[in-house]
Each structure stands twice: as C-alpha cells, then as structure tokens.
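Just follow the structure's listing: the first ligand is 1, and inside any ligand the first atom is 1.
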Amino acid sequence: MPSVKTLVQSRDLKSLPSDYAHFSNSDKSTVAGPEDSLPVIDFSLLSSTNPDERAKVIEDLRKACEEWGFFMLVNHGIPENLINGLFNVCNEFFDMAEEEKLKFETTNPRFPVMVRSGSTTCDVSNQKVLFWRDYLRFFVHPEFYCPDKPIEFSDLVLEYSQRTRDVNRKLLQGISQSLGLEEDYIEKAMDLKSGTQIFAANYYPPCPQPESAIGIPPHTDHGLLTFLIQNGVGGLEIQHKGKWFYVNALPNSIFINTGDQLEILSNGKYKSVWHRAVVNNKKTRISLVIPNGPSPDTIVSPAAPLLRETPAAYAPMNYMEYVNVQRTTRLNEKPILDRLKLY
Ligand SMILES: O=C(O)CCC(=O)C(=O)O
Ligand SMILES: [Fe+2]
C-alpha cells in the first residue's frame, strides 16, 4: 500500500479518497479555556531540596493524573538541539525512497522495526477505514533497535530514549508518592530497569478534507506514561469531562499522558486518558511518541498497599499479553482494560 505521503505527492488531491473517509468524526473539539487550563508540571521541582516545593509538585502531579490524565512537562532538561535533530532525522527518514522504507514494512507487531501507512481498522459498520498517517515504530528498551538509515538516527534516538527514561523514572517516583506509596514502589513493581520503551514517529501529511479524515482514532495507550513532542504543528486532542480538547504546546514542553497500566496499578484512581490525532490541510505534522511501560514479563495488578480499604478493581495480567490483545482489538470491540474490570 502506498504511503499517505506518496498519495499526496503523486496526485493533485482535491478531495479525500473514500478509503480514508472516517466514520462520524463530527464531535468537535474545544480549545481549553481559562476555567479548564491544562496542567503544567515543572519537572525541575521534583529535584528540589525544599520540602514545600517538592510537596507542591507531587500534589500537582496527583491533580493532573486524577483530573486529566495529561500534563505538559516544562524544565525537563532535554536539550532543544537533540529534539530538533530528531525531527530532522525523522523527516529525512520519511523522505527516503518508498523501496527503502518498504524494507521495514510489516504487520507483525513483534517485528522490532515497523513502518506502516494508512493502518487498517474497522468502523462500527465493519467497513475498512484507513488512517491519514504514515508511521515508523521500533522498540528501544529493554533491547535497542533502530533503522540503519539515516546514519545519525540511532545515536539521536539512543540519547533521547535514555534521557526520557530518566525523566519517566523520576516522574513515576513522584506519582508513587502522590498515591501514598513508597517513592520507589512503581519502579520496583513494574521492573523499570527492564521497562519497555517504544519509539514511534507519526507523519501526518496535509489532508484535503481534514474534517472527514482521522490521523489516529480515539484510544488509550497501553503503558504507564507516554511522552509526545510535535514539530510545532498541533493535532493532539484529549478527552476531558466528556469533551474533546485540542492541546496547544508550551514552548519546549513535552506532553505526557497516563496509560492503562497506571490505571490498573493505581486501582482506578488515575484513569488512562482517551486521546486522538486530528489532521489539517496546511502543514505536515510529525509527532514523536515514546510509550513507557513495565518490563515485558511484569504481571500488572493494583498496588497491594492501595487495597487495604478498597478491593482490587482489576484482574492481573501479563503486560506483553495485554499489549498483544489490545493491538488486535477492533474499534467496535470492548477494550481489554474494560474486560479486566472486576466491578
Ligand atoms: O500524534 C498524536 O498527537 C497522537 C499520537 C498517539 O496517540 C500515539 O501514537 O499513540
Ligand atoms: Fe496514543
């Protein structure tokens, strides 16, 4: 199947090919107003030696996870030139000849490096619908993979993955404390030393009828925390209190959202957030996404110390099994997370 990029370049597209016309994408989004301002977390405060500052940022994390499942991280210390380098190299990757990229094309999710375009799914009436995006995805931890071209790719991704893993560990320490758990509870219970980390690049070319297409339909992420940066072009929307919010990035911020394993571990206190990617008719959007999860073999269950007064709300499940079931679940089927709910 040609990539969406090729489709856009090869024809003077005036209207959306019917395969890409999505089911009711009509529920419009809102831009968050002052009464619903998006949570911002200052990462540097997590290293503060001032106990009041630390207590405040932990309380901010609790509120962000409990009320939104989403926040913008500022002062995270990841250099801007590393981030710019990553966007450049990803652009170069998507600019490579179709045959080069096709070397990585596979539908096997266990394949360590995978390129796909217009991923297929099913809508409620069982029609195939394609997403308006090309993507590249590979595992970077516990084992590191990366396409061998462009040549700078692997150094940049290696550095970014190490740095985001450090930030992820520190955030999860704060989140542990915000749940009333020991600071290192989550990293131990989720075996973060061998934690799963994926690098994904989503490439959304300009779309002739953006309101009828979808970049990625509504979903929750399977892991603990997902990190997302974008090339200055918006498109991420998150669900909050039943409404869709289009999120505008603060300069040099990273979007962080909570995933299903954090919902299970927190026994439902921190729900994984529903989100989607919309497309536009002007500019190519690239989002670089790092989902961080437990180690592949971890059996994830609600944290024991949280079950003193409340019964477990989720059945335990092996993380990789969870990922595989989620990947093969159709849009019109009950999500795997719901199937694990005990009441
Ligand atoms: O590109 C985006 O804004 C959303 C990407 C996303 O949700 C994902 O890759 O899981
Ligand atoms: Fe996602």
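- In summary, the aromatic rings of Y203 and F94 are positioned with their centroids under 6.0 Å apart.
- Here K63 does not pair with E59 in a salt bridge; the nearest charged N to carboxylate O distance is not below 4.0 Å.
- Side chain of N318 to main chain of E321: a donor-acceptor pair is present (N/O by atom type, distance under 3.5 Å, no hydrogens or angles).
- N267 places a side-chain N or O within 3.5 Å of a backbone atom of A313 that can act as its donor or acceptor partner.
- Among the candidates F255, W274, Y270, F245, the single residue satisfying the ring-ring contact (aromatic ring centres under 6.0 Å, His included) test with W68 is F245.
- By the side-chain contact (heavy atoms from CB on, under 4.5 Å) test, N252 is found to be paired with E80, residues two or more places apart in sequence or in another chain being considered.
- Residues H240 and F70 place their aromatic rings such that the two centres sit no closer than 6.0 Å.
- The stretch residues 334-343 participates, sequence neighbours left out, in these side-chain hydrogen bond (donor to acceptor under 3.5 Å, both in side chains) pairs: T329-R339, D338-K341.
- Protein N/O/S atoms found under 2.8 Å from the Fe ion (ligand 2), listed by chain and residue number: H219 NE2, D221 OD1, H275 NE2.
- For ligand 1, the protein residues within 4.0 angstrom (heavy atoms only) are N202, Y204, I216, H219, D221, L228, L236, H275, A277, R285, S287, V289.
- Taking the six-membered ring where the residue is Trp, the centroids of F138 and F199 are separated by under 6.0 Å.
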